[in-house]
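It should be emphasised that the depicted structure is a prediction, and the values quoted were computed from it without experimental measurement.
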Amino acid sequence: MLARAPSQTVGFGQTIPASCQGLSFLMLSQVLKRVASVTVRDTESYALLKSAGVDVGLSWDVAFVTDATIESVARAHTLLDRSGLVPERTVLFSVRPFDAMYPADQHALERTLAQLSKSLLDRGHQVGILIQSDVASWDEDRTSATRIARSDPRIRIVDCLQDREDPAPVATLTALLNLANIAVGVRYHTTVLRLASGRVPFNLYYSRKGGDLQRRLGLTGCPISDAAGKATVHALEATADSSFDPSFIRRDIQHHFAEALKKAAT
């Protein structure tokens, strides 16, 4: 796709995954050298492409420009109410399956999330597991969420995809992450959208893009491989009252995107 009309093509806000190495990375970088503009969302991808001779810029994920609306806030309240969750007491976790592209110990992470959930519930919090993706067998949340929910009948599943008529599901998810007292981002965009909503998540990252957010923004969190030791109840609770101003990120994205479009138009 990138090679079809390179002089009119913009690559914006992506990451080069750690699995893209050797010949794959060589072929990709050769194509990216020909496109009008390339902007990535993490410093490691930026450094990799720079070292390969690609003219690349560094910005952020475009989901940072997402806003909740009055309508999406209403839908989010309805989702929480259907699940029996009160926003001021709710902890939302995201989950995801892991594979060759993003390898991790699935069962170890689920055990950790289940234990964290139980500890939070015992301290008076309410816990919901987000269904945020249902793309295919290799990228769906229901299987993992169901296994975790079976560990304690008090855990609820919050299905962001259940309303097929929702005109703006990303805005609804953003509103949910704003309403929740605590949000734990295993999925990268859980972390991004919690920040975009003006609140700080606990960041449990599995990839270079999540680690990059951790370092660039000084987030509280850890790699999922360290979750059992570092993702404690007290660490999660400490994020509840922390706010975040995403305006500087939004300005940066708008600037870089406008510059990218200029290059593609010349």
Side-chain angles (χ1 to χ4, degrees), residues 76 79-80 83-99 101-135 137-162 173 176-195 197 199-207 209-211 213-214 219-240 242:
L79 274 173
L80 292 175
S83 301
L85 299 173
V86 178
E88 295 79 9
R89 294 175 57 198
T90 295
V91 183
L92 291 179
F93 288 87
S94 60
V95 293
R96 65 158 296 142
F98 297 96
D99 53 24
M101 180 176 287
Y102 296 121
D105 188 331
Q106 185 84 41
H107 296 296
L109 177 64
E110 290 176 10
R111 285 195 300 271
T112 298
L113 295 184
Q115 182 55 54
L116 271 173
S117 296
K118 184 180 186 306
S119 298
L120 288 160
L121 288 160
D122 289 345
R123 285 173 62 83
H125 297 278
Q126 296 179 320
V127 173
I129 309 296
L130 289 168
I131 305 298
Q132 191 172 319
S133 180
D134 189 14
V135 176
S137 60
W138 45 267
D139 191 9
E140 58 85 22
D141 298 340
R142 288 188 174 86
T143 301
S144 182
T146 300
R147 283 195 294 256
I148 295 169
R150 284 177 185 153
S151 69
D152 193 305
R154 296 173 293 175
I155 297 174
R156 300 289 182 258
I157 291 179
V158 181
D159 190 346
C160 301
L161 306 176
Q162 68 183 20
L173 175 57
L176 271 173
L177 292 168
N178 175 264
L179 290 172
N181 187 40
I182 297 168
V184 181
V186 172
R187 280 195 174 273
Y188 173 75
H189 282 104
T190 307
T191 293
V192 168
L193 293 175
R194 172 77 165 182
L195 292 165
S197 81
R199 303 191 68 181
V200 173
F202 188 91
N203 184 41
L204 272 180
Y205 63 89
Y206 58 88
S207 65
K209 57 190 176 184
L213 278 183
Q214 182 97 355
L219 301 179
T220 301
C222 63
I224 60 171
S225 57
D226 295 339
K230 295 185 177 180
T232 65
V233 168
H234 293 298
L236 269 61
E237 288 178 335
T239 66
S242 300

Ignoring hydrogens and angles, tell me if any N or O in the side chain of Gln126 forms a donor-acceptor pair with the backbone of Val86 under 3.5 Å.
yes

Looking at Val186, is its backbone amide N or carbonyl O close enough to the side chain of Thr190 to form a donor-acceptor pair, meaning the two atoms are under 3.5 Å apart?
no

[X] [atom1] to [Y] [atom2] distance, which is reported to the nearest 0.5 Å:
X	Y	atom1	atom2	answer
Trp138	Ser133	CH2	OG	7.5 Å
Leu130	Leu177	CG	CG	6.0 Å
Asn178	Leu193	CG	CG	11.0 Å

Tell me, please, which residues at least two apart from Tyr206 pass ring-ring contact (aromatic ring centres under 6.0 Å, His included).
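Partners of Tyr206 under the ring-ring contact (aromatic ring centres under 6.0 Å, His included) test: Phe98, Tyr102.
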
Restricting to side chain to side chain contact (heavy atoms under 4.5 Å, CB included), what partner residues turn up for [X], sequence neighbours left out?
X	value
Ala145	Val95, Ile129, Ile131, Ile157
Ser242	Val200
Glu110	Gln106, His107, Ser144, Arg147, Ile148
Asn181	His125, Arg199, Ala240

Shortest non-hydrogen contact between Pro201 and Leu195, atoms and distance:
CD-CD2, 3.5 Å

Write down the atom of Cys160, the atom of Leu176, and the distance for their closest heavy-atom approach.
SG-CD1, 3.6 Å

With a 3.5 Å cut-off and sequence neighbours excluded, list the donor-acceptor pairs that the side chains of residues 224-232 form with protein atoms.
{"residue": "Thr232", "atom": "OG1", "partner": "Ala235", "partner atom": "N", "Å": "3.1"}

Could you list the residues that satisfy salt bridge (Lys or Arg N to Asp or Glu O under 4.0 Å) with [X], not counting sequence neighbours?
X	result
Arg123	Glu237
Arg156	none
Asp105	none

I'd like to check [X] versus [Y] (side-chain heavy atoms, cut-off strictly below 4.5 Å). Are they in contact?
X	Y	answer
Leu179	Thr90	no
Phe93	Leu204	no
Arg194	Leu92	no

Which pairs pass salt bridge (Lys or Arg N to Asp or Glu O under 4.0 Å) with one or both residues in residues 86-95, sequence neighbours excluded?
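Matches after skipping sequence neighbours: none remain.
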
Taking only residues two or more places apart in sequence or in another chain, which ones pass side-chain hydrogen bond (donor to acceptor under 3.5 Å, both in side chains) with Asp99?
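So Asp99 forms no side-chain hydrogen bond (donor to acceptor under 3.5 Å, both in side chains) with any residue.
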
Using residues 112-121 as the side-chain source, report each donor-acceptor pair under 3.5 Å to any protein atom, sequence neighbours left out, with the distance given to one decimal.
{"residue": "Thr112", "atom": "OG1", "partner": "Ala108", "partner atom": "O", "Å": "3.1"}
{"residue": "Gln115", "atom": "NE2", "partner": "Ser119", "partner atom": "OG", "Å": "3.3"}
{"residue": "Ser117", "atom": "OG", "partner": "Leu113", "partner atom": "O", "Å": "2.7"}
{"residue": "Lys118", "atom": "NZ", "partner": "Asp122", "partner atom": "OD2", "Å": "3.1"}
{"residue": "Ser119", "atom": "OG", "partner": "Gln115", "partner atom": "O", "Å": "3.1"}

Gln214 and Asn203: side chain donor to acceptor below 3.5 Å:
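Yes - a donor-acceptor pair under 3.5 Å links their side chains.
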
Do Arg96 and Leu109 pass the side chain to side chain contact (heavy atoms under 4.5 Å, CB included) test, and can you show the C-alpha distance, the side-chain angles, and the key distance before you say yes or no?
CA-CA 10 Å; Arg96 65 158 296 142; Leu109 177 64; over 6 Å; no

